[in-house]
Amino acid sequence: MITFDEKTKIFKLDTPNTSYVMGIADNRYLGHVYYGKKLNDTNLGYLMRTKEAPFVPSENLREKVSFFDSFPMEMPCGGVGDFRESALLVSCKGQEAAELFYVSHEIFHGKKKLKGLPATWGENCDTLEITMEDEVLGLQVVLSYTAFTDTDAIARSLRLVNGGSGDLYVKKALSACVDMDQKDFEFLSLFGSWARERHIETVPVGHGGISIESLRGEPGHQEHPFFALTGKNCSQDAGEAYGFHFVYSGNFLGKVKMNQFGNLRAVMGIHPDSFTWKLEPGAEFTAPEVILVYSDEGLGKMSRTYHDLYRNHLIRSPWKDKARPVLINNWEATYFEFDDEKLLSIAREASKAGIEMLVMDDGWFGHRNSDNSSLGDWQVNEDKIKGGLEHLVDEVNALGMEFGIWFEPEMISPDSDLYCNHPDWVLQMQGRVPGLAREQLVLDFSRPEVLEYVYESVASILRTANISYVKWDMNRPLADCGSSYLPEDQQGEVMHRHVLGVYELQERLLEEFPNLLLENCSGGGARFDPGMLYYSPQIWCSDDTDAVERLMIQEGTQLVYPLSAIGAHVSDCPNHATGRVTPFATRGIVAMAGTFGYELDITKIPPEEREMIPQQIEEFKKYYPLVNAGDYYRLASYRENHIYDCYELVSKNKKQAMVTFVQVMAEPNIHSRKIYLKGLEEDTVYEVEGKRYTGSTLMYAGLLIPGMWGDYQAKIIDVLAV
Ligand code: GLA
């Protein structure tokens, strides 16, 4: 619910358990008042402290700059006296400044689409749009806040309109700014690298400020467009957590800084470096949205809120609630060395084991036999796929399996026909030789003809055969971001235009192939972000499928993403990223925390492992309703204890749960571990491994897990209400 109190000029946005409050001070400035646990009062104007020094400008004009530097602005602009982090910076008429005055607002049911951008959607929400204006520039800023009525989440974004007569250059347009009272917060973020994405890290917040960012043109393996401000001693179950998550797949900045008065300003949005957007008179710019979540029941509640929001209000795919076909991907099985016969030999064994889809990964097009050529030449290599794609797909279909295919549409190899014909289609800066990464360059998505070519390349392949699934990959960051198509004063748009181009292409693809199962990917998990979830219901989580490393990657990913979105496969050992050898059964159990599949040469693995596959698939299907829709509770973290990992999924009706326990390190002379279940009904009797306990016993007295012999052992424990 959203209300506006005319007398006090206070806006109050309520979700089921949280409130977000703002107010208009001095009849013009929009200030932040409160965000946190739900409040029942509307009389909250006193929290803006406009009645104490330095007072509002109408009462004390001689200290206007001091007012600007202490007032909790909802959309702070640089240049006029707020010396803290700005959210909006525009350059126009030789000025780099703006002062936004409140003009009007509108409250309505539901939520508008964000033009060209991924965004949350749905009926169970209300939206407040506040229009602000800088008269000198003729700039209008529409701040949008959606409060969900079924989930404790608030979506924030903004739209800029050039209502003036001259060009305006947007140099910074962050989507959210929240000024908060100091509460001894810690800053939790997800960091990593290739093959070890999204590890959780928590550091104290101090005066120097702390930030997360990407300038890679994608979120990257290294940092993630998410941070949480957590109260001291915030645990899985107790304490305060404020989550900020950016629904965007490009450069980002998230920053928190304590000011001279001990208060915090938290901002998030598109990174202002390498960004300038030209707004001609009448033109608009929409910034992507940030999802704010507040929990006073620890990180666990925050995670469950994000999971529910993304499942119910972000993912759109018709596959959203369906079990995805169990797939086998040939990448780690063959790398580039395969032909149709090899793929079919894999498919034959796979279909016998109950695997439902074959995915042909990189290397099927142009003359690509290693990663040094052919990106852009999306024609089937008939030396490898003899008889053509349709024939191969028909053969796979005849085995009762579906067929999926890999693309890397944004890229171009210098060794390609496409590059020979269109050297001007790559991102490059005049006078500089663009840098290669994985021996490839990036296509210039500001060029309409490039988008058209890329779309047709992918769509025409999909039109030729019965293809059910596409893995859309992106294997290098953007650099040398210049476009020979755009004029000089629009070169700062290249990186954002690239992301918009990706969105446009994926949207178009889903319009033409509405049942396509799309999986996004970027060198593993470098573009795992909420923006991508709007187009694909699942994202490849990491190129590292080692069962132990995956525990940490998946824990960090589960912190904000529903498990049904997390691409997870069983691969061969020694693992290709770590060299570690773990039992096949454990690899299966770890991969069940996501969309399940295999990434190995099934014709070569030991027969006893192959024989385990039908059973693993059966278990995956049995647990899938919990993986897809259950409430997630983390019971123990290997990252923290260095010995074992444990999480639980509970059905919404609390009749069923599964507990996944992985004993990474065997310990001598420890006979059992006690775990405390969560999220059950206290008085309900549950059956666990043939014994009966009430929910209260399982949650408060605990369940004993006997020690297992050897490292890397795992089991799933069923919990069923009787
Ligand atoms: C990326 C992906 C892998 C595989 C290769 C192919 O690294 O993450 O799964 O598709 O590209 O080149």
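As the structure lists them, so they are numbered: ligands from 1, and atoms in each ligand from 1.
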Please set out all donor-acceptor pairs under 3.5 angstrom arising from side-chain atoms of residues 516-533, sequence neighbours excluded.
from : atom 1 : to   : atom 2 : distance (Å)
E519 : OE1    : Y469 : OH     : 3.0
E519 : OE1    : Q538 : NE2    : 2.6
E519 : OE2    : W540 : N      : 3.3
N520 : OD1    : Q506 : NE2    : 2.9
N520 : ND2    : Q506 : OE1    : 3.1
N520 : ND2    : S536 : OG     : 3.0
S522 : OG     : E218 : OE1    : 2.5
S522 : OG     : M474 : O      : 2.6
R527 : NH1    : E410 : OE1    : 2.9
R527 : NH2    : E410 : OE2    : 2.8
D529 : OD1    : S249 : OG     : 2.8
D529 : OD1    : G531 : N      : 2.7
D529 : OD1    : M532 : N      : 3.0
D529 : OD2    : S249 : OG     : 3.2

Item to check | Any residue meeting side-chain hydrogen bond (donor to acceptor under 3.5 Å, both in side chains) with N397, in chain and number order, not counting sequence neighbours | outcome: N466
Checklist outcome for this item: Contacts of R550 meeting salt bridge (charged side-chain N to carboxylate O under 4.0 Å, His left out) (sequence neighbours excluded), chain-then-number -> none
Checklist entry - Charged N to carboxylate O under 4.0 angstrom, D645 versus R634? => result yes
Checklist outcome for this item: Within the 4.0 Å heavy-atom cut-off around ligand 1, the contacting residues, ordered by chain and number, are W331, D361, D362, W406, R438, K471, D473, N475, C521, G523, G524, W540, D543
Next on the checklist: Is it true that, when you exclude E382 itself, more than 12 heavy atoms of the residues, nucleotides or ligands shown sit nearer than 6.0 Å to its CD?
Outcome noted: yes
Next on the checklist: Side chains of F596 and V570, heavy atoms from C-beta outward: is any pair under 4.5 Å?
Outcome noted: yes
